[in-house]
Amino acid sequence: MPPSTIRLQGLDTLRACAIVLVLMSHYAGFVSHAPTFGILGEVGWSGVDLFFVLSGYLIGNQLLAPVARGETWSTGSFFARRLLRTLPNYYAMLAIYLLLPHGPIAGSGMPPLWQMLTFTQNMGLAYGQTFTHSWSLCIEEQFYVVLPLAVLALARVRRPARLAWCVLLGAAALGVAARAAAMLHGGHDAFAAEVYYSTLCRFGGLLPGVAIAMLKNFHPALFARLQAHANAIFAAGLATTASVLYAIAEENISPFAATTFGFPLVAAGFGLLVLSALGPRCILNRVRVPGAASLALWSYAVYLAHKPIFMAIRPQAGRLGIDTGAPWWIAAIMAAGIGGGWLLYRVVETPFMRLRERWYPARPAPAVAAAQAPGGTAVQP
């Protein structure tokens with residue numbers, strides 16, 4: 001098996017873990033209204049942060065690899081491939097929300113349609129509104145616009161790596177400063193909507209992934225040395241993430257520290273996990289988790305579809321007297337959420353992905369072409 005394929009197996013596992021965390025969080029919040037999964041459900045919101053780090057790496061690697069090789073890349077093709085990857089599923093779910101403005105899946109109100117169509121609804125979004133889980137797509141779509149423009153600018157300078165690190169560190173500092181300002185001047189903690197949904201406060205979650213892509217492409221010797229210690233990096237990432245999440249969940253740190261540094265540290269811990277997953281010797285690549293590759297493949301569609309399914313099931317479960325804390329019902333309802341995502345993947349995402357490959361085929365570098373051959377990894381950037 002080619003090394004690149006092995007590495008992506010580790011990313012599959014992490015992506016599957018990310019969607020499972022989100023499912024557990026939303027099950028506890030919208031179905032059982034109880035701590036069904038214990039502390040894992042309490043920190044399930046962090047699954048989105050893991051998605052951010054994965055996206056930062058996957059998209060950053062796509063953009064930075066040609067720059068490091070001294071090649072050019074088409075911005076038009078990049079944006080076309082991104083839009084065909086993200087818009088069909090999202091607009092299909094948006095159409096369902098618009099067709100069902102009332103009932104169990106509706107919230108207190110929906111942001112203006114122009115915001116929903118342009119991925120800007122996270123600005124001013126409040127808890128309890130309709131389709132609130134689309135906020136993370138806003139952060140990613142905005143990232144997909146800013147990062148290519150930044151890479152294009154960096155590609156024009158003589159030493160792009162040095163400037164890129166300066167820009168990355170400056171962006172990280174800006175995010176931390178925005179979070180500190182929200183707490184000091186607005187009184188908003190880490191989970192206030194003004195912070196949790198904010199572009200400035202949350203885009204930092206993507207930066208560890210970009211940093212990994214920069215290491216891989218601009219510092220290959222250092223990257224190779226780090227890969228030799230993949231399991232140690234995995235242990236460090238797991239320890240960092242678990243300790244910070246536990247401290248936030250148990251309120252063992254001050255509100256200011258949690259707001260200003262908590263989420264960036266979680267993203268850094270996840271960054272270590274993603275970095276470790278790129279090492280062939282990492283345990284993530286040596287232990288195949290059954291179903292992880294499929295769940296990773298469906299994860300985007302599952303993310304979009306599961307929450308309205310959970311919200312639609314809850315009142316029916318109440319009427320029928322279903323114990324939503326019972327293991328069999330937990331499994332059945334979770335399966336319904338995943339099944340809805342699978343249906344969205346098959347009916348909407350798959351046809352558009354085929355069109356994408358027909359209209360804008362990927363042009364992999366020769367060294368990684370084997371890893372993207374048919375039958376390879378399920379992870380799709």
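No experiment lies behind these values; they were computed from the predicted model shown.
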Keeping [X] on the side-chain end and [Y] on the backbone end, is there a donor-acceptor pair under 3.5 Å?
| X | Y | answer |
| --- | --- | --- |
| H133 | L304 | yes |
| T259 | P255 | yes |
| S198 | C201 | yes |
| H185 | A181 | no |
| S25 | V22 | no |
| S46 | V43 | yes |
| Q121 | P111 | no |
| N285 | G10 | yes |
| Q129 | A126 | yes |

Just how far is it from atom [atom1] of [X] to atom [atom2] of [Y], taken to the nearest 0.5 Å?
| X | Y | atom1 | atom2 | value |
| --- | --- | --- | --- | --- |
| I333 | R314 | CD1 | CZ | 8.5 Å |
| D323 | I330 | CG | CD1 | 8.0 Å |
| M93 | L137 | CE | CG | 11.0 Å |
| I313 | W329 | CD1 | CH2 | 9.0 Å |
| T130 | H102 | OG1 | NE2 | 10.0 Å |

Open item on the list: Is it true that N122 and Q142 share a donor-acceptor pair across their side chains at a distance under 3.5 Å?
Closed with: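 Indeed, the side chains of Q142 and N122 share at least one donor-acceptor pair under 3.5 Å.
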Task: Test item: side-chain donor near acceptor, H219 and W165, under 3.5 Å - done: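 Side-chain D/A pair, H219 to W165: present.
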Task: Y27 and F310 aromatic ring geometry - parallel, tilted or perpendicular at 30°/60° bounds - done: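 F310 vs Y27 ring planes: perpendicular.
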Open item on the list: Go through it in stages, so that I can follow the logic: the residues are F51 and I19, the test is side chain to side chain contact (heavy atoms under 4.5 Å, CB included), and I'd like the CA-CA distance, side-chain angles, deciding distance and then a yes or no.
Closed with: CA-CA 8 Å; F51 276 128; I19 192 62; 3.8 Å; yes
Please find the pair of heavy atoms, one from [X] and one from [Y], that lie closest to each other, and give the distance.
| X | Y | value |
| --- | --- | --- |
| R179 | A258 | NH2-O, 4.5 Å |
| L40 | M24 | CB-CE, 3.8 Å |
| T240 | S243 | O-OG, 3.0 Å |
| A180 | F256 | CB-CE1, 4.1 Å |
| R81 | P361 | NH1-C, 3.8 Å |
| T132 | L125 | O-CD2, 3.8 Å |

Does [X] have more than 12 heavy atoms from other residues, nucleotides or ligands lying within 6.0 Å of its [atom1]?
| X | atom1 | value |
| --- | --- | --- |
| Y91 | OH | yes |
| W342 | CH2 | no |
| Y360 | OH | no |
| E250 | CD | yes |
| F352 | CZ | no |

TODO: Assert yes or no for the condition that the ring centre distance of Y127 to F191 is strictly below 6.0 Å.
DONE: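 Not close enough - the centres of the two rings lie 6.0 Å or further apart.
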Task: Partner set under side-chain hydrogen bond (donor to acceptor under 3.5 Å, both in side chains) for T120, not counting sequence neighbours - done: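 Per chain and number, T120 pairs via side-chain hydrogen bond (donor to acceptor under 3.5 Å, both in side chains) with T118.
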Check: residues 202-209 side-chain donor-acceptor pairs under 3.5 Å, at least two apart:
{"unit_1": "R202", "atom_1": "NH1", "unit_2": "Y196", "atom_2": "O", "d": "3.1"}
{"unit_1": "R202", "atom_1": "NH2", "unit_2": "D49", "atom_2": "OD1", "d": "3.1"}
{"unit_1": "R202", "atom_1": "NH2", "unit_2": "D49", "atom_2": "OD2", "d": "2.8"}

Anything under 3.5 Å between a donor and an acceptor, one on a side chain of residues 229-238, the other on a protein residue two or more places apart or in another chain? List them.
{"unit_1": "N231", "atom_1": "OD1", "unit_2": "I283", "atom_2": "N", "d": "2.8"}
{"unit_1": "N231", "atom_1": "ND2", "unit_2": "R281", "atom_2": "O", "d": "3.2"}

Open item on the list: Before you tell me yes or no, could you show the steps for Q62 and F78 under side chain to side chain contact (heavy atoms under 4.5 Å, CB included), namely the whole-Å CA-CA distance, both residues' side-chain angles and the distance that decides it to 0.1 Å?
Closed with: CA-CA 9 Å; Q62 280 186 28; F78 171 81; 3.9 Å; yes
- [ ] Would you check if L284 and S276 make a side-chain contact, meaning some heavy-atom pair closer than 4.5 Å?
- [x]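 Sidechains of S276 and L284: in contact.
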Please say yes or no: joined through hydrophobic side-chain contacts below 4.5 Å, possibly via intermediate residues, are [X] and [Y] part of one cluster?
| X | Y | answer |
| --- | --- | --- |
| L174 | L265 | yes |
| V48 | L50 | yes |
| F143 | L117 | yes |
| L343 | Y345 | yes |
| W298 | V347 | yes |

Open item on the list: Let's go through V167 and L163 carefully: what are the C-alpha distance in whole Å and the side-chain angles of both, what is the deciding distance for side chain to side chain contact (heavy atoms under 4.5 Å, CB included) to 0.1 Å, and is it a yes or a no?
Closed with: CA-CA 6 Å; V167 171; L163 181 58; 4.3 Å; yes
Open item on the list: Is there a side chain to side chain contact (heavy atoms under 4.5 Å, CB included) between L245 and W45? Walk through the geometry before answering.
Closed with: CA-CA 10 Å; L245 287 176; W45 51 265; 3.6 Å; yes
TODO: Carefully, step by step, assess Y144 and T86 under the rule side-chain hydrogen bond (donor to acceptor under 3.5 Å, both in side chains).
DONE: CA-CA 11 Å; Y144 296 153; T86 57; over 6 Å; no
Task: Positive for ring-ring contact (aromatic ring centres under 6.0 Å, His included) with Y90, one of Y303, F131, Y97 - done: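 Answer after filtering Y303, F131, Y97: F131.
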TODO: Could you tell me whether R85 and E349 have a side-chain N and a carboxylate O separated by less than 4.0 Å?
DONE: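 Salt bridge flag = yes for E349 with R85.
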